[in-house]
Amino acid sequence: MKEDEYADFERRVRENQRMVYQIAHAVLRNPEDAEDVAQETFARAHEKRAALRDPARFRAWVAQISRRFALNRLRANIRTRRREEASTPNAELHAVDIAGIAEERVFVQRVRSAIEQLPEKLREVMLLSAIQDLDHAAIAQMLGIPEGTVRSRLHLARKQLLRTVDR
Amino acid sequence: MTYCRQHDDLLDDVAVGSAPSAEFAAHLNACAACAAELERRAALVARIDGVARAWMDASPRTEISVRFERSHPWRIAVVGAALAAALAVLFVTGYVLRKPVSTPTILSWQSPTADLLRPSVSVLDTHSL
(Lines give C-alpha, C1' and ligand atoms only; values in the text may rest on other atoms or scores of the structure.)
Protein backbone atom coordinates (compact mmCIF):
# COMPACT_ATOMS: atom_id res chain seq x y z
CA MET A 1 0.00 0.00 0.00
CA LYS A 2 1.42 3.33 -1.01
CA GLU A 3 1.97 6.28 1.32
CA ASP A 4 -0.78 8.38 -0.31
CA GLU A 5 -3.23 5.47 0.02
CA TYR A 6 -2.52 5.35 3.74
CA ALA A 7 -3.00 9.07 4.04
CA ASP A 8 -6.30 8.74 2.17
CA PHE A 9 -7.47 5.91 4.44
CA GLU A 10 -6.55 7.86 7.56
CA ARG A 11 -8.44 10.87 6.24
CA ARG A 12 -11.52 8.71 5.69
CA VAL A 13 -11.25 7.34 9.21
CA ARG A 14 -11.09 10.85 10.63
CA GLU A 15 -14.09 11.95 8.56
CA ASN A 16 -16.26 9.00 9.51
CA GLN A 17 -15.16 7.98 12.98
CA ARG A 18 -17.80 10.02 14.77
CA MET A 19 -20.62 8.60 12.63
CA VAL A 20 -19.31 5.05 12.98
CA TYR A 21 -19.06 5.50 16.74
CA GLN A 22 -22.58 6.94 16.95
CA ILE A 23 -24.07 4.05 14.98
CA ALA A 24 -22.39 1.57 17.33
CA HIS A 25 -23.60 3.65 20.27
CA ALA A 26 -27.16 3.68 18.89
CA VAL A 27 -27.16 -0.11 18.85
CA LEU A 28 -25.22 -0.74 22.07
CA ARG A 29 -26.01 2.35 24.20
CA ASN A 30 -22.64 1.89 25.89
CA PRO A 31 -19.67 4.22 25.22
CA GLU A 32 -16.90 1.69 25.91
CA ASP A 33 -18.40 -0.98 23.68
CA ALA A 34 -19.12 1.61 20.98
CA GLU A 35 -15.47 2.68 20.96
CA ASP A 36 -14.31 -0.90 20.63
CA VAL A 37 -16.72 -1.49 17.77
CA ALA A 38 -15.59 1.69 15.99
CA GLN A 39 -12.00 0.54 16.27
CA GLU A 40 -12.86 -2.95 14.99
CA THR A 41 -14.87 -1.43 12.14
CA PHE A 42 -11.93 0.54 10.76
CA ALA A 43 -9.55 -2.34 11.28
CA ARG A 44 -11.88 -4.54 9.23
CA ALA A 45 -12.36 -1.81 6.62
CA HIS A 46 -8.59 -1.54 6.32
CA GLU A 47 -8.20 -5.28 6.01
CA LYS A 48 -10.94 -5.61 3.39
CA ARG A 49 -10.37 -2.32 1.57
CA ALA A 50 -9.74 -4.14 -1.71
CA ALA A 51 -13.33 -5.41 -1.63
CA LEU A 52 -14.68 -1.86 -1.86
CA ARG A 53 -14.83 -1.18 -5.58
CA ASP A 54 -16.48 2.22 -5.38
CA PRO A 55 -14.57 4.50 -2.96
CA ALA A 56 -17.57 6.84 -2.91
CA ARG A 57 -19.43 4.16 -0.96
CA PHE A 58 -16.87 4.11 1.86
CA ARG A 59 -19.17 5.95 4.26
CA ALA A 60 -22.14 3.62 3.71
CA TRP A 61 -19.80 0.63 3.79
CA VAL A 62 -18.26 1.41 7.17
CA ALA A 63 -21.71 2.31 8.50
CA GLN A 64 -22.90 -1.19 7.64
CA ILE A 65 -19.82 -2.82 9.13
CA SER A 66 -20.24 -0.81 12.31
CA ARG A 67 -23.88 -1.78 12.68
CA ARG A 68 -23.14 -5.46 12.04
CA PHE A 69 -20.29 -5.53 14.57
CA ALA A 70 -22.40 -3.65 17.10
CA LEU A 71 -25.26 -6.14 16.70
CA ASN A 72 -22.83 -9.04 17.17
CA ARG A 73 -21.49 -7.46 20.35
CA LEU A 74 -24.99 -6.70 21.59
CA ARG A 75 -25.95 -10.35 21.20
CA ALA A 76 -22.79 -11.41 23.02
CA ASN A 77 -23.51 -8.88 25.81
CA ILE A 78 -27.06 -10.16 26.16
CA ARG A 79 -25.80 -13.73 26.47
CA THR A 80 -23.27 -12.67 29.12
CA ARG A 81 -25.88 -10.65 31.03
CA ARG A 82 -28.31 -13.59 31.01
CA ARG A 83 -25.61 -15.83 32.44
CA GLU A 84 -24.78 -13.27 35.12
CA GLU A 85 -28.43 -12.72 36.01
CA ALA A 86 -28.94 -16.45 36.23
CA SER A 87 -26.06 -16.73 38.70
CA THR A 88 -27.18 -13.74 40.80
CA PRO A 89 -30.94 -13.95 41.29
CA ASN A 90 -32.82 -10.90 42.54
CA ALA A 91 -29.88 -8.62 41.74
CA GLU A 92 -30.86 -4.97 41.87
CA LEU A 93 -29.24 -3.74 38.65
CA HIS A 94 -30.71 -0.27 38.32
CA ALA A 95 -30.99 1.12 41.77
CA VAL A 96 -31.61 4.81 41.16
CA ASP A 97 -32.47 7.37 43.76
CA ILE A 98 -35.23 9.11 41.85
CA ALA A 99 -36.03 11.48 44.70
CA GLY A 100 -32.64 13.11 44.55
CA ILE A 101 -32.59 13.70 40.81
CA ALA A 102 -33.68 16.94 39.19
CA GLU A 103 -36.83 17.05 37.06
CA GLU A 104 -34.92 17.26 33.78
CA ARG A 105 -32.81 14.25 34.63
CA VAL A 106 -35.94 12.31 35.52
CA PHE A 107 -37.41 13.25 32.16
CA VAL A 108 -34.27 12.19 30.31
CA GLN A 109 -34.27 8.91 32.17
CA ARG A 110 -37.93 8.37 31.34
CA VAL A 111 -37.36 9.00 27.64
CA ARG A 112 -34.33 6.72 27.52
CA SER A 113 -36.20 4.02 29.31
CA ALA A 114 -39.12 4.41 26.87
CA ILE A 115 -36.68 4.14 23.96
CA GLU A 116 -35.22 0.97 25.47
CA GLN A 117 -38.71 -0.50 25.63
CA LEU A 118 -39.43 0.09 21.94
CA PRO A 119 -39.42 -2.97 19.68
CA GLU A 120 -35.95 -3.42 18.23
CA LYS A 121 -36.87 -2.36 14.68
CA LEU A 122 -38.45 0.87 15.88
CA ARG A 123 -35.70 1.62 18.40
CA GLU A 124 -32.97 1.19 15.83
CA VAL A 125 -34.57 3.60 13.38
CA MET A 126 -35.37 6.07 16.18
CA LEU A 127 -31.78 6.17 17.42
CA LEU A 128 -30.14 6.14 14.00
CA SER A 129 -32.33 9.04 12.90
CA ALA A 130 -31.22 10.94 15.99
CA ILE A 131 -27.68 10.88 14.62
CA GLN A 132 -27.13 14.21 13.00
CA ASP A 133 -25.16 13.00 9.99
CA LEU A 134 -27.60 10.29 8.94
CA ASP A 135 -30.58 11.08 6.74
CA HIS A 136 -33.42 8.68 5.95
CA ALA A 137 -31.73 7.54 2.72
CA ALA A 138 -28.53 6.59 4.55
CA ILE A 139 -30.47 4.74 7.24
CA ALA A 140 -32.50 2.89 4.59
CA GLN A 141 -29.31 1.84 2.82
CA MET A 142 -27.70 0.71 6.03
CA LEU A 143 -30.69 -1.35 7.14
CA GLY A 144 -31.49 -2.63 3.66
CA ILE A 145 -35.08 -1.36 3.77
CA PRO A 146 -36.98 1.20 1.65
CA GLU A 147 -36.91 4.83 2.72
CA GLY A 148 -40.67 4.74 3.18
CA THR A 149 -40.24 1.98 5.76
CA VAL A 150 -37.71 4.12 7.62
CA ARG A 151 -40.24 6.97 7.72
CA SER A 152 -43.12 4.76 8.85
CA ARG A 153 -41.02 3.09 11.56
CA LEU A 154 -39.84 6.47 12.77
CA HIS A 155 -43.42 7.72 12.88
CA LEU A 156 -44.53 4.70 14.91
CA ALA A 157 -41.53 4.97 17.23
CA ARG A 158 -42.10 8.64 18.02
CA LYS A 159 -45.83 8.10 18.51
CA GLN A 160 -45.18 5.21 20.88
CA LEU A 161 -42.61 7.28 22.78
CA LEU A 162 -45.04 10.17 23.09
CA ARG A 163 -47.66 7.88 24.58
CA THR A 164 -45.26 6.16 26.97
CA VAL A 165 -43.69 9.38 28.21
CA ASP A 166 -46.94 11.34 28.41
CA ARG A 167 -48.99 8.78 30.28
CA MET B 1 -60.60 22.97 29.14
CA THR B 2 -60.92 19.40 27.95
CA TYR B 3 -59.93 18.36 24.47
CA CYS B 4 -61.99 15.96 22.36
CA ARG B 5 -60.94 12.44 23.45
CA GLN B 6 -62.11 10.85 20.21
CA HIS B 7 -59.24 12.69 18.45
CA ASP B 8 -56.54 11.27 20.68
CA ASP B 9 -54.92 9.20 17.94
CA LEU B 10 -55.11 11.99 15.36
CA LEU B 11 -53.55 14.42 17.82
CA ASP B 12 -50.62 12.05 18.32
CA ASP B 13 -50.18 11.62 14.56
CA VAL B 14 -50.08 15.34 13.94
CA ALA B 15 -47.86 15.94 16.98
CA VAL B 16 -45.20 13.61 15.56
CA GLY B 17 -45.26 15.31 12.20
CA SER B 18 -48.07 13.97 10.01
CA ALA B 19 -50.08 16.52 8.08
CA PRO B 20 -53.67 16.72 9.39
CA SER B 21 -56.52 15.89 7.04
CA ALA B 22 -58.57 18.85 5.87
CA GLU B 23 -61.38 17.77 8.18
CA PHE B 24 -59.14 17.53 11.25
CA ALA B 25 -57.41 20.78 10.36
CA ALA B 26 -60.80 22.43 10.33
CA HIS B 27 -61.56 20.92 13.72
CA LEU B 28 -58.29 22.22 15.13
CA ASN B 29 -59.16 25.68 13.90
CA ALA B 30 -62.52 25.52 15.58
CA CYS B 31 -61.58 23.74 18.85
CA ALA B 32 -59.23 25.70 21.09
CA ALA B 33 -58.88 22.80 23.53
CA CYS B 34 -57.69 20.40 20.81
CA ALA B 35 -55.35 23.06 19.39
CA ALA B 36 -53.84 23.60 22.85
CA GLU B 37 -53.51 19.87 23.40
CA LEU B 38 -51.79 19.50 20.03
CA GLU B 39 -49.37 22.27 20.96
CA ARG B 40 -48.58 20.59 24.27
CA ARG B 41 -47.96 17.21 22.64
CA ALA B 42 -45.84 18.69 19.83
CA ALA B 43 -43.66 20.39 22.47
CA LEU B 44 -43.30 17.08 24.29
CA VAL B 45 -42.30 15.34 21.04
CA ALA B 46 -39.66 18.02 20.47
CA ARG B 47 -38.32 17.41 23.97
CA ILE B 48 -38.21 13.66 23.39
CA ASP B 49 -36.40 14.17 20.07
CA GLY B 50 -33.94 16.44 21.86
CA VAL B 51 -33.17 13.76 24.46
CA ALA B 52 -32.60 11.16 21.72
CA ARG B 53 -30.35 13.53 19.77
CA ALA B 54 -28.36 14.45 22.85
CA TRP B 55 -28.03 10.78 23.72
CA MET B 56 -26.70 9.96 20.28
CA ASP B 57 -24.58 13.10 19.99
CA ALA B 58 -21.66 11.30 21.54
CA SER B 59 -18.08 11.19 20.39
CA PRO B 60 -15.43 8.61 21.10
CA ARG B 61 -13.35 9.80 24.05
CA THR B 62 -10.18 9.23 22.13
CA GLU B 63 -9.37 9.48 18.46
CA ILE B 64 -9.73 6.14 16.71
CA SER B 65 -6.27 4.79 16.13
CA VAL B 66 -5.37 4.42 12.49
CA ARG B 67 -1.75 3.42 12.97
CA PHE B 68 -1.88 0.34 10.79
CA GLU B 69 1.24 -1.63 9.94
CA ARG B 70 2.81 -0.24 6.80
CA SER B 71 4.44 -2.95 4.75
CA HIS B 72 6.67 -1.02 2.36
CA PRO B 73 8.83 -3.38 0.26
CA TRP B 74 12.05 -1.54 1.15
CA ARG B 75 11.24 -1.88 4.84
CA ILE B 76 10.69 -5.61 4.43
CA ALA B 77 14.06 -5.87 2.63
CA VAL B 78 15.89 -3.92 5.34
CA VAL B 79 14.31 -5.92 8.17
CA GLY B 80 15.00 -9.19 6.33
CA ALA B 81 18.66 -8.31 5.74
CA ALA B 82 19.12 -7.29 9.37
CA LEU B 83 17.61 -10.57 10.57
CA ALA B 84 19.80 -12.60 8.21
CA ALA B 85 22.92 -10.77 9.38
CA ALA B 86 22.01 -11.32 13.02
CA LEU B 87 21.47 -15.04 12.41
CA ALA B 88 24.81 -15.30 10.60
CA VAL B 89 26.65 -13.59 13.47
CA LEU B 90 24.97 -15.90 15.98
CA PHE B 91 25.89 -18.96 13.95
CA VAL B 92 29.56 -17.97 13.52
CA THR B 93 29.91 -16.97 17.19
CA GLY B 94 28.40 -20.24 18.27
CA TYR B 95 30.75 -22.19 16.02
CA VAL B 96 33.85 -20.35 17.23
CA LEU B 97 32.98 -20.53 20.90
CA ARG B 98 31.80 -24.12 20.90
CA LYS B 99 33.40 -26.35 23.63
CA PRO B 100 35.79 -29.14 22.49
CA VAL B 101 34.21 -32.54 22.78
CA SER B 102 35.72 -34.32 25.81
CA THR B 103 36.44 -38.05 25.63
CA PRO B 104 33.55 -39.90 27.08
CA THR B 105 34.41 -41.62 30.34
CA ILE B 106 32.91 -44.84 29.10
CA LEU B 107 35.87 -45.35 26.74
CA SER B 108 38.30 -45.59 29.68
CA TRP B 109 36.11 -48.03 31.57
CA GLN B 110 37.40 -51.54 31.94
CA SER B 111 35.59 -54.64 32.97
CA PRO B 112 36.72 -55.90 36.40
CA THR B 113 37.22 -59.35 34.84
CA ALA B 114 39.30 -58.08 31.96
CA ASP B 115 42.53 -59.19 33.61
CA LEU B 116 41.32 -62.76 33.85
CA LEU B 117 40.80 -62.89 30.13
CA ARG B 118 44.27 -61.57 29.35
CA PRO B 119 46.76 -64.51 29.18
CA SER B 120 49.60 -62.56 30.79
CA VAL B 121 51.11 -65.71 32.36
CA SER B 122 50.83 -69.11 30.80
CA VAL B 123 49.28 -71.89 32.90
CA LEU B 124 51.98 -74.24 31.80
CA ASP B 125 54.63 -71.80 32.89
CA THR B 126 53.13 -71.68 36.37
CA HIS B 127 53.28 -75.44 36.73
CA SER B 128 56.82 -75.46 35.59
CA LEU B 129 57.74 -73.18 38.47
Side-chain angles (χ1 to χ4, degrees), chain A residues 1-3 5-7 9-14 16-18 20-26 29 31-32 34-43 46-47 49 104 107-112 114-115 123 126-132 134 151 154-166, chain B residues 1-21 24 28 33-79:
Chain A
M1 198 174 182
K2 292 172 188 168
E3 193 68 32
E5 283 180 72
Y6 275 105
F9 189 83
E10 286 177 358
R11 178 182 56 78
R12 286 168 182 269
V13 171
R14 275 194 300 277
N16 293 291
Q17 64 178 352
R18 194 158 186 268
V20 161
Y21 171 81
Q22 288 178 336
I23 289 168
H25 188 251
R29 279 99 69 204
E32 289 82 14
E35 278 176 15
D36 287 350
V37 166
Q39 185 70 57
E40 286 167 18
T41 297
F42 287 115
H46 183 260
E47 188 189 318
R49 61 191 181 277
E104 182 61 25
F107 180 76
V108 168
Q109 204 54 47
R110 216 162 75 218
V111 172
R112 285 188 179 191
I115 291 172
R123 183 178 62 234
M126 178 71 204
L127 291 179
L128 288 175
S129 67
I131 296 173
Q132 201 179 6
L134 290 182
R151 276 194 290 273
L154 183 59
H155 179 87
L156 281 173
R158 293 170 82 217
K159 200 168 157 182
Q160 202 162 314
L161 285 177
L162 171 63
R163 288 181 176 176
T164 309
V165 173
D166 198 23
Chain B
M1 206 157 48
T2 312
Y3 68 93
C4 311
R5 297 277 175 190
Q6 70 272 26
H7 294 315
D8 236 351
D9 200 45
L10 286 173
L11 283 167
D12 280 346
D13 281 333
V14 177
V16 297
S18 292
S21 65
F24 189 55
L28 288 171
C34 278
E37 180 61 16
L38 175 62
E39 202 175 320
R40 187 189 71 79
R41 290 188 194 188
L44 188 54
V45 169
R47 258 183 105 187
I48 291 168
D49 286 346
V51 170
R53 270 198 303 275
W55 195 13
M56 291 300 108
D57 186 31
S59 297
R61 289 162 303 179
T62 51
E63 184 123 325
I64 303 296
S65 166
V66 288
R67 305 279 180 267
F68 299 105
E69 197 59 43
R70 299 183 179 209
S71 53
H72 294 294
W74 66 267
R75 284 188 188 173
I76 291 173
V78 167
V79 171

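Letters go in sequence order (proteins before strands), and every chain restarts at 1.
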Review point. Under a 4.5 Å heavy-atom cut-off, does chain A meet the side chain of B/Ala54, its backbone, both or neither?
Key: neither
Review point. Which distance, rounded to the nearest 0.5 Å, do you find between the CE of B/Met56 and the NE2 of A/His25?
Key: 5.0 Å
Review point. In terms of heavy-atom proximity below 4.5 Å to chain B, should A/Leu162 be classed as side chain, backbone, both, or neither?
Key: both
Study note, to complete from the structure: Per-residue tally against chain B (heavy atom, under 4.5 Å) across A/Arg112, A/Arg18, A/Glu35, A/Gln132 peaks at A/Arg112
**Study point:** Residues in residues 2-11 of chain B near chain A [non-hydrogen atoms, under 4.5 Å]
**Key:** B/Asp8, B/Asp9
Review point. Does the side chain of B/Trp55 come within less than 4.5 Å of A/Val108's, by heavy atoms?
Key: no
Check your understanding: With respect to B/Asp12, which candidate in A/Arg163, A/Lys159, A/Arg158 satisfies the salt bridge (charged side-chain N to carboxylate O under 4.0 Å, His left out) definition?
Key -> A/Arg163
Point to revise | Engaged part of B/Val16 at the chain A interface, taking heavy atoms whose separation is under 4.5 Å | key: both
Practice item. Measure across A/Met126 and B/Ala52 and return the closest heavy-atom pair with its distance rounded to 0.1 Å. Key: CE-CB, 4.0 Å
**Study point:** B/Arg47 versus chain A, the contacting section by heavy-atom distance below 4.5 Å
**Key:** both
Check your understanding: So how far is it from A/Thr164 OG1 to B/Ile48 CD1, rounded to the nearest 0.5 Å?
Key -> 8.5 Å
Check your understanding: So do A/Arg110 and B/Val51 actually touch side chain to side chain, heavy atoms under 4.5 Å?
Key -> no
Check your understanding: Does any heavy atom of chain B fall under 4.5 Å from the side chain of A/Ala34, the backbone, both, or neither of them?
Key -> neither
